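Since the structure comes first, as structure tokens, the remarks are kept for the end.
A note on names: the letters A, B, ... follow the listed sequences, proteins ahead of strands, and every chain is numbered from 1. Keep in mind the model is a prediction, meaning the values are calculated, not measured.
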Protein chains: 2
Amino acid sequence: MKLDSRLSSVLHVLLHMAEKETPATSEILSRYLGTNPVVVRRTMASLREAGLVRSERGRGGGWTLARQLSAITLRQIYEALGAPALFAFGNRNDRPDCLVEQAVNARIEGAMEEAEALLLARFEAVTLADLQADFRARLPVHLQEIHVHGRA
Amino acid sequence: MKLDSRLSSVLHVLLHMAEKETPATSEILSRYLGTNPVVVRRTMASLREAGLVRSERGRGGGWTLARQLSAITLRQIYEALGAPALFAFGNRNDRPDCLVEQAVNARIEGAMEEAEALLLARFEAVTLADLQADFRARLPVHLQEIHVHGRA
DNA sequence: CTTCATGTAACTTCATATGTTACGTTAAAT
DNA sequence: ATTTAACGTAACATATGAAGTTACATGAAG
């Protein structure tokens, strides 16, 4: 099953953007992901429509965050991406006539709904600021000061 | 994202098999799913390898359950299918050098592991007998007697 | 007016569950 | 024995959607 890695990708680049003062170009961001600038624009465009980031054209342009890191949750980003399907499995038919299949679907859907609620609750509870703190905690101690105090 | 509906499909046909005395052919089972007998054989073969069903060749052959309904959990069936990926999303790289990406991955993986544990726990708690009971509860009352007492 | 950036359409690539065709093997019925 | 009905399995086709790519238009700074 081919995985959708847009959420992972976009979180990665948003945090790199947060470490910069100036707008980050699609070209720069695409290098963090080992991909193509067009892929970055396509994905970031969804976030712009949701008001999470801004883009500027022309010389000196690029992408910037539209809000504080603490005001952007993973859930908001997930929704901005169009709330893509979370699960790689599902029922064969959504409205079967067969009573057996209805019984099977109901049990599977019940479990999926519980798992989805759990995932979305976790996404909602995490902000970009939390991820930035996680990242900084991974830095060697002598570098942590620079990032925490040396920048905006 | 294309969904894997093997779990749903196989549960559906297993319950139909449980309502029959004689072996069910791939041809018959494929009609419940609106698909091809070869697809049924391919999927059921995994269950046979896990000891959940038996197959017999030749005239009068077909598929039968190898255990009581109450002795087969959804989890066992899921494992028999090769424990396919549950999620349609994931990290872009599994072993990134980038500390930012590591922080992102850790958070996403944490949420996925929780959700996976929940799903598997639900699957483990449900047997085919539970699904059969669910199905029978959906029958009109005057038919429930026939199925509950009129058959093995 | 040149350069550098995004915006976007159109197309290709890739992975994989699913669908299909074909043929071999096995076992019961005749 | 031969026919028939079933599974076993390889090989190939189809469909879907994220990701990758190419091309060109638009807009802003120098």
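The side-chain contact (heavy atoms from CB on, under 4.5 Å) test with B:V104 singles out one residue from A:L11, A:V13, A:V10, A:L128, and that residue is A:L11. Each of A:V126, A:I77, A:T127 was compared with A:I72 under the side-chain contact (heavy atoms from CB on, under 4.5 Å) criterion, and only A:I77 meets it. Screening A:L81, A:L86, A:L3 against B:F89 for a side-chain contact (heavy atoms from CB on, under 4.5 Å) leaves a single residue, A:L86.
Residues A:S8 and B:I108 come closest through the heavy atom pair CA-CD1, 3.9 Å.
Put simply, CG on A:L3 is 13 Å from C1' on C:dC14, counting in whole angstrom units. Following rounding to the nearest Å, B:D4 (CG) and C:dG19 (P) show an atom-to-atom distance of 11 Å. The interatomic distance linking B:L7 (CG) with C:dA17 (P) rounds to 14 Å, in whole Å. In this structure, B:F89 atom CZ and D:dG17 atom P are separated by 18 Å, rounded to whole Å.
Between B:R138 and A:E101 there is no salt bridge, since none of the side-chain N atoms of the basic residue sits less than 4.0 Å from a carboxylate O of the acidic one.
Comparing D:dG20, C:dT21, C:dT18 by their nearest atom to the side chain of B:R6 picks out C:dT18.
Residue B:S5 places none of its side-chain N or O atoms closer than 4.0 Å to OP1 or OP2 of C:dA17.
Using a 4.0 Å heavy-atom distance criterion, B:R92 is classed as a sugar-phosphate-only contact.
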Quick one, give me the B/S/- string for nucleotides 6-12 of chain D, reading 5' to 3', where B means a protein heavy atom under 4.0 Å from the base and S means that only happens at the primed atoms, P, OP1 or OP2. BBBBBB-

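Taking the six-membered ring for Trp and thresholds of 30 and 60 degrees, A:Y32 and A:H12 have ring planes inclined between 30 and 60 degrees apart.
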